[in-house]
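Atom set for the values below is all heavy atoms of this structure, side chains included, hydrogens, waters and symmetry mates excluded. Along the sequence shown, residues carry numbers from 1.
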Amino acid sequence: MSFVESEERRALRAAVSELGKKYGYAYFNERARSGGQTTELWQEAGKLGYLGVNLPEQYGGGGGGMGDLSIVLEELGAAGCPLLMMVVSPAICGTVITRFGTEGQKEQWLPSLADGSTTMAFAITEPDAGSNSHEITTTARRTGDGWSLSGRKVYISGLDVAKAVLVVGRTEDAKTGKLKPALFIVPTDAAGVEFRQIEMDLISPDKQFSLFLDDVQLPAEALVGSEDAGLMQLFAGLNPERIMASAFAIGIGRHALGKAVAYVKERQVWKTAIGAHQGIAHPLAQNKIELELARLMMQKAAALYDAGDDLGAGEAANMAKYAAGEATVRATDQAVQSLGGNGMTVEYGVASLVAAARATRIAPVSREMILNFVAQHSLGLPKSY
């Protein structure tokens, strides 16, 4: 891993930044407040090859890795228009299908995931299981020529724009009768599939849903990978999720910091710009340092993942997600404080970032569960849950 980005990645970062600025926060905010979607941005990003930059070239992708995809999301976020479904569709679903899908599944799904013409959601969280993925109860039972899937999921992003959803369920072990995790591609328009929007106090075009699966009949080829692979296949998608969640958070933090810096350079009280005062300057400098540190850990996680080190990537990805969430919460809060009363207005567009930033400490994995992971796996402490 180099601490200096390659010429190709610098070019990618610059190009995506220009695309983000073309749309910007005003576009994103208008769509969010009106209940609309960022369809135009998603489609243009797909057409330019940015959404599938991590997917194999033979299936229409860019042949890059998570390091490249994280750059795309970070720069869009820094421009004020982060695309949450990038965390899900190309990062989780695209990665899982690439690594474990059949040739038929790859040919069917990867080209359209890469160009953005298909969006795929991801469903793991359940009302009763929460963070305990070992206790999910969504169950797939064999039928004569396929599967019957039933269960309920909650806080599933983007079902209104998704053509399919990658569902984490369980199958029954023929020998022991115990349930084991398995992944299924479920069309969102399949009989027995229903989803209802959850009203959130977030200003975002990306909506959250409860998903209901009632005896959904699936063909045999809906199963992704082996039903005996256990958690290995699942966590192959969760490391990219954490890396991309870090990019999402860092982008928001950079956007908030940029607005605060621009404001304090111009705002004058007592005959000088308020940014000259240490009470304003030092907290913003601290935000810059924390965001840069979070990015370094994100880049380490991406480099390890792209090198095939799943175990090392798991530790780094969790740490990156923790650092990014903490850094962006502080950056958005300080941005509001730096703008004073103006920080609470719609015109300046800073206060609306606070809830989005706060959500990055909770999803897709809470800071407490990350601390549990680090305590147990990095420090060797006894398991606490």
Side-chain angles (χ1 to χ4, degrees), residues 87-88 91-92 95-96 121-140 150-157 166-173 176-184 198 200 208-211 213 225 227-246 248-249 294 297-298 300-301 304-305 309-330 355 357-385:
V87 179
V88 180
I92 302 176
T95 296
V96 168
F122 177 68
I124 180 172
T125 306
E126 294 187 0
D128 296 326
S131 297
N132 188 359
S133 300
H134 297 275
E135 296 299 323
I136 62 174
T137 59
T138 296
T139 304
S150 294
R152 180 186 174 192
K153 301 291 185 178
V154 69
Y155 296 117
I156 309 306
S157 303
L166 183 63
V167 176
V168 181
R170 288 184 178 273
T171 60
E172 188 173 87
D173 190 290
T176 66
K178 294 182 178 180
L179 296 177
K180 52 190 179 181
L183 301 169
F184 296 88
I198 303 170
M200 306 290 290
Q208 302 297 314
F209 296 87
S210 291
L211 172 65
L213 304 161
E227 61 178 297
D228 296 315
L231 292 173
M232 180 185 70
Q233 294 173 165
L234 173 58
F235 286 109
L238 296 187
N239 283 338
E241 177 188 52
R242 284 151 175 68
I243 294 168
M244 291 296 286
S246 303
F248 183 86
M297 184 55 77
M298 177 185 72
K300 176 181 179 180
L304 289 170
Y305 186 83
D309 184 357
D310 286 343
L311 185 61
E315 179 183 57
N318 274 287
M319 289 181 175
K321 163 62 177 60
Y322 179 92
E326 299 300 299
T328 195
V329 164
R330 285 192 284 269
R358 188 63 181 78
T360 67
R361 296 177 90 197
I362 301 170
V365 57
S366 72
R367 63 191 298 275
E368 289 75 20
M369 289 305 296
I370 291 176
L371 293 174
N372 284 337
F373 177 93
V374 171
Q376 180 183 346
H377 295 281
S378 303
L379 300 179
L381 298 177
K383 189 173 182 178
S384 62
Y385 59 95

Rounded to the nearest 0.5 Å, what separation is found between the [atom1] atom of [X] and the [atom2] atom of [Y]?
X	Y	atom1	atom2	result
T95	M244	OG1	CE	9.0 Å
N239	E241	CG	CD	9.5 Å
S157	F209	OG	CZ	9.0 Å
M297	I243	CE	CD1	11.5 Å

Checking F122 against L238 for the side-chain contact (heavy atoms from CB on, under 4.5 Å) test, could you report, in this order, the C-alpha distance in whole Å, the side-chain angles of both residues, the deciding distance, and whether it holds?
CA-CA 11 Å; F122 177 68; L238 296 187; 4.1 Å; yes

Between E126 and T138, is the side-chain contact (heavy atoms from CB on, under 4.5 Å) condition met? List the steps.
CA-CA 8 Å; E126 294 187 0; T138 296; 2.7 Å; yes

Can you tell me if CD1 on I362 sees more than 12 non-hydrogen neighbours from other groups inside 6.0 Å?
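More than 12 within 6.0 Å, yes.
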
What closest approach, in Å, do [X] and [Y] show between heavy atoms, and which atom pair accounts for it?
X	Y	value
L304	G312	CD1-O, 3.5 Å
R361	G325	CG-O, 3.8 Å
A313	A301	CB-O, 3.9 Å
I156	A121	CG2-CB, 4.4 Å
P364	A245	CD-CB, 3.5 Å
G237	I92	O-CG1, 3.6 Å

Polar side-chain atom of [X] near backbone of [Y] as donor-acceptor pair, under 3.5 Å:
X	Y	result
T360	A357	yes
N318	G314	yes
T328	A324	no
R170	I136	yes

With side-chain contact (heavy atoms from CB on, under 4.5 Å) as the test, would you mind laying out the steps for V374 and M319 before giving the verdict?
CA-CA 8 Å; V374 171; M319 289 181 175; 4.2 Å; yes

Do [X] and [Y] have side chains that get closer than 4.5 Å, going by heavy atoms?
X	Y	answer
N372	S384	yes
Q376	Y385	yes
L183	V96	yes
R152	L211	no
Y305	D310	yes
E315	F373	yes

Report yes or no: is the cationic atom of K153 (NZ for Lys, CZ for Arg) closer than 6.0 Å to the six-membered ring centre of Y155, at no more than 45° off its axis?
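Verdict for Y155: no cation-pi partner in K153.
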
In a check of salt bridge (charged side-chain N to carboxylate O under 4.0 Å, His left out) between E326 and each of R367, R358, K321, which one passes?
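By the salt bridge (charged side-chain N to carboxylate O under 4.0 Å, His left out) criterion, E326 pairs with just one of R367, R358, K321: R367.
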
